[in-house]
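Since the structure comes first, as structure tokens, the remarks are kept for the end.
Here the structure is a predicted model, which means the values were calculated and not measured. We use all heavy atoms of the structure for the numbers below, so side chains are in, but hydrogens, waters and symmetry mates are not.
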Amino acid sequence: FALTRRLYEKGFNKEEINNIYKFIDWLIGLPNPLEIEYLEEVCELEEAKKMTYITSAERIGIEKGREEAAFKIAKLLLREGCEIALIERTTGISLAQIKALEQKLNETERLPEQF
């Protein structure tokens, strides 16, 4: 199992690892209880590999992207004359931030009257 884990860590794909496993199995073979235990551990490892690790920098980038998207949506909704409370619920942006955005937009372009 340690060999299988290291192969995954080194970037081998599942097919390559299966081929190596078939070769080793052909050479020495495992007793049935050990083979079952091995296969269970490999299944757990493969499930864990599906959940890729996200670095702190990636997490910050994702959050920044979400925030930028929320502000773009808020701008569009303000331009359409939507109520601030609706924008707050929809985007998750604070009331103060929406009002500041509304003020900034009012300074740069004319917005329709709020409901």
Side-chain angles (χ1 to χ4, degrees):
F1 178 71
L3 171 63
T4 303
R5 186 175 341 132
R6 288 287 288 152
L7 291 171
Y8 270 114
E9 289 170 359
K10 292 291 184 183
F12 285 78
N13 65 41
K14 186 175 183 174
E15 184 180 347
E16 293 169 322
I17 293 170
N18 280 338
N19 287 336
I20 292 170
Y21 172 73
K22 286 176 188 176
F23 176 71
I24 292 171
D25 190 49
W26 176 76
L27 284 176
I28 56 174
L30 290 173
N32 201 29
L34 289 178
E35 186 169 3
I36 292 169
E37 182 181 337
Y38 169 79
L39 293 173
E40 287 173 352
E41 289 184 25
V42 168
C43 285
E44 288 176 18
L45 176 64
E46 288 173 351
E47 285 299 315
K49 293 294 282 180
K50 289 179 186 174
M51 295 182 268
T52 58
Y53 177 75
I54 297 176
T55 66
S56 299
E58 290 170 323
R59 226 179 345 268
I60 290 168
I62 290 167
E63 185 58 37
K64 185 176 179 181
R66 286 181 182 158
E67 188 176 307
E68 288 174 4
F71 275 93
K72 284 181 182 180
I73 292 168
K75 273 185 188 179
L76 291 172
L77 293 173
L78 283 169
R79 287 182 181 136
E80 292 297 318
C82 291
E83 294 180 26
I84 291 177
L86 173 64
I87 298 170
E88 182 181 22
R89 285 193 312 270
T90 305
T91 63
I93 299 172
S94 73
L95 185 61
Q97 289 175 310
I98 295 169
K99 286 185 177 186
L101 181 60
E102 181 181 38
Q103 180 71 30
K104 185 177 178 181
L105 287 174
N106 280 333
E107 291 171 3
T108 59
E109 58 190 67
R110 181 124 174 101
L111 289 175
E113 292 297 319
Q114 297 291 316
F115 298 123

message: Quick check: do I73 and L77 have side-chain heavy atoms less than 4.5 Å from each other?
response: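 Counting from C-beta outward, I73 and L77 do come under 4.5 Å.
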statement: Hits for salt bridge (Lys or Arg N to Asp or Glu O under 4.0 Å) against E107, two or more places apart or cross-chain, chain-then-number order -> none
query: With K99, which residues qualify under salt bridge (Lys or Arg N to Asp or Glu O under 4.0 Å), at least two apart?
result: none
query: About how many Å separate OH of Y8 and CG of L3, when rounded to the nearest 0.5 Å?
result: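 Atom-to-atom, L3:CG and Y8:OH are 11.5 Å apart.
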Show me the pairs that pass salt bridge (charged side-chain N to carboxylate O under 4.0 Å, His left out) and involve [range], at least two apart or across chains.
| range | answer |
| --- | --- |
| residues 4-13 | R6-E9 |
| residues 63-73 | none |
| residues 12-23 | K14-E46 |

- line: Between I98 and L78, the two heavy atoms sitting closest are O-CD1, 4.2 Å
Going by atom type alone, with no hydrogens or angles, which donor-acceptor pairs under 3.5 Å involve a side-chain atom of residues 86-96 and a protein atom two or more places apart or on another chain?
from : atom 1 : to  : atom 2 : distance (Å)
T90  : OG1    : L86 : O      : 2.7
T91  : OG1    : I87 : O      : 2.7
T91  : OG1    : I93 : N      : 3.2
S94  : OG     : Q97 : N      : 3.2
S94  : OG     : Q97 : OE1    : 3.2

statement: Hits for side-chain contact (heavy atoms from CB on, under 4.5 Å) against E44, two or more places apart or cross-chain, chain-then-number order -> none
